[in-house]
Engineer: 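Quick one: the structure is below, questions incoming.
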Amino acid sequence: MPGGPSVADAPVSGPTTVAPETIRAVPVRHYGRWISAVVVIALLAALVYAFSQGNIQWHAVQDKLFDDTVLAGAGRTLMISVLAMVLGVVLGVVLAVMRLSKNPVTSWVAWLYIWFFRGTPVYVQLLLWFNLALVFPILNIPFVYKDEMTDVMTPFMCALLGLGLNEAAYMAEICRAGIQSVDEGQTEASHALGMTQAKTMRRVVLPQALRVIIPPTGNEFINMLKTSSLVYAVTYNELLRSTSQIGSTSYAVMEMLFVASIWYIVMTSIFSVGQYYLERRYARGSLRSLPLTPFQRVKVALTSFSNRPSGGVSA
């Protein structure tokens, strides 16, 4: 229309902005998890109820848990486990080096040792040491030592040799695997620098092999704490024998077995925590990010729970 506003002069409206709708994230319901959890809780409740109704003197467990005899037995269990483990580790390293030696005599002797001690039960080995006087009544080392075998093979010595020599066979295989995990180029480079075979093993190979050797060694020590109960057969007065003696005189046999079990669980739990941190430390060279410690996991879980949004998730 003449004189009227033209189409070019008309205001142009911009694009309309529509706010996104809030997305409600509905988690998938896992009914199987709830059912299995209920079943497990029901079974645990039934087990607890059964023990609560059983003929068990729980006050005897509480009274004898910190008894002087029990504590002394637990101390001897810890002592024989540590000493046997030290003997097993030292001898295991020597056997591993002998096994990998190019000398056929030392290699076959190490293989024969590992074959025998891994092929016979620990209980049988303990009894062999305990009854050694039946074969050799007198221990006679010319110009060095001579005495009756019954005086030499005390319960402590039988327990130490039975556990330590058996552990050496397993530690030899662990150490062999650790040594073989080191690249052969390290050995070749050491020899190129003029280092001897023994010096190369001591300065180059073994320090790198520790990353593989130490974690399973911690697991072997935890297993040693439980295996030490077998020295009951050689009359060594460790934890199990101490509690059994109290149970036989007080007629609280099951109660004292519960006391022994509690102390075994306590000791293995403490060293299991130490093993976890030891494995975490030696994993620094192979993992980009270390696994979280139990305390860090709890902290992350609490932080994520407190920072969880109350509404839905925005697009």
Side-chain angles (χ1 to χ4, degrees), residues 18-62 65 74 77-78 81 170 173-174 177-178 181 211-229 239-240 243 254-315:
V18 180
E21 297 181 0
T22 302
I23 300 175
R24 292 186 58 84
V26 180
V28 178
R29 290 174 172 79
H30 301 277
Y31 297 104
R33 296 180 183 177
W34 288 98
I35 294 174
S36 60
V38 171
V39 171
V40 170
I41 292 175
L43 292 175
L44 289 177
L47 183 63
V48 172
Y49 178 78
F51 273 94
S52 65
Q53 299 300 313
N55 187 17
I56 301 174
Q57 303 175 16
W58 293 107
H59 64 87
V61 177
Q62 182 178 359
L65 188 60
T77 291
L78 186 60
S81 299
Y170 292 91
E173 292 299 283
I174 293 175
S181 67
R211 182 178 60 84
V212 178
I213 294 173
I214 286 184
T217 302
N219 187 61
E220 286 293 314
F221 178 71
I222 294 173
N223 186 58
M224 176 70 73
L225 284 170
K226 298 178 295 181
T227 308
S228 64
S229 61
L239 177 60
L240 181 59
T243 54
M254 287 297 297
E255 289 78 4
M256 295 313 301
L257 290 177
F258 288 153
V259 170
S261 300
I262 291 172
W263 276 110
Y264 280 121
I265 290 174
V266 168
M267 288 189 290
T268 54
S269 299
I270 292 174
F271 285 101
S272 294
V273 174
Q275 179 194 3
Y276 174 83
Y277 282 96
L278 191 64
E279 291 181 358
R280 187 174 183 272
R281 174 180 177 82
Y282 279 91
R284 292 182 301 179
S286 58
L287 299 179
R288 293 183 178 180
S289 59
L290 295 178
L292 297 178
T293 64
F295 298 104
Q296 290 174 341
R297 292 178 182 178
V298 173
K299 184 178 179 181
V300 170
L302 294 176
T303 303
S304 61
F305 180 79
S306 59
N307 295 335
R308 187 176 299 172
S310 59
V313 180
S314 300

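Only this structure's heavy atoms are used, side chains among them; waters, hydrogens and symmetry mates stay out. Sequence positions, counted from 1, serve as the residue numbers for this chain.
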Engineer: Report the distance from atom OG of S228 to atom CG of L240, rounding to the nearest 0.5 Å.
Structural biologist: 9.0 Å

Engineer: Among V38, L43, L44, which residue satisfies the side-chain contact (heavy atoms from CB on, under 4.5 Å) criterion with V40?
Structural biologist: L44

Engineer: Give me the atom names and distance for the closest heavy-atom approach of L239 to A260.
Structural biologist: CD2-O, 3.8 Å

Engineer: Do you know which two heavy atoms are closest between G178 and I213, and how far apart they sit?
Structural biologist: CA-CG1, 3.9 Å

Engineer: Indicate every side-chain donor-acceptor pair of residues 264-275 with a distance under 3.5 Å to a residue at least two apart or in another chain.
Structural biologist:
from	atom 1	to	atom 2	distance (Å)
Y264	OH	E238	OE1	3.2
T268	OG1	Y264	O	2.8
T268	OG1	I265	O	3.1
S269	OG	I265	O	2.6
S272	OG	T268	O	2.6
Q275	NE2	E279	OE2	2.9

Engineer: Could you state the interatomic distance from CE (M254) to CD (Q57), rounded to the nearest 0.5 Å?
Structural biologist: 12.0 Å

Engineer: If you measure from OG1 on T227 to CD on E220, what distance do you get to the nearest 0.5 Å?
Structural biologist: 8.5 Å

Engineer: For the atom pair CG (N219) and OH (Y170), what is the distance rounded to the nearest 0.5 Å?
Structural biologist: 13.0 Å

Engineer: Rounded to the nearest 0.5 Å, how far apart are CD of Q53 and CG of N55?
Structural biologist: 11.5 Å

Engineer: NZ of K226 to OG1 of T77: how many Å apart, nearest 0.5 Å?
Structural biologist: 14.0 Å

Engineer: Show the nearest heavy-atom pair for residues V61 and I262, with the distance to one decimal.
Structural biologist: CG1-CD1, 4.1 Å

Engineer: Do W263 and T243 have side-chain heavy atoms sitting under 4.5 Å apart?
Structural biologist: no

Engineer: Give me each pair satisfying ring pair (Phe, Tyr, Trp, His ring centres under 6.0 Å) with a member in residues 31-51, each pair once, sequence neighbours excluded.
Structural biologist: none

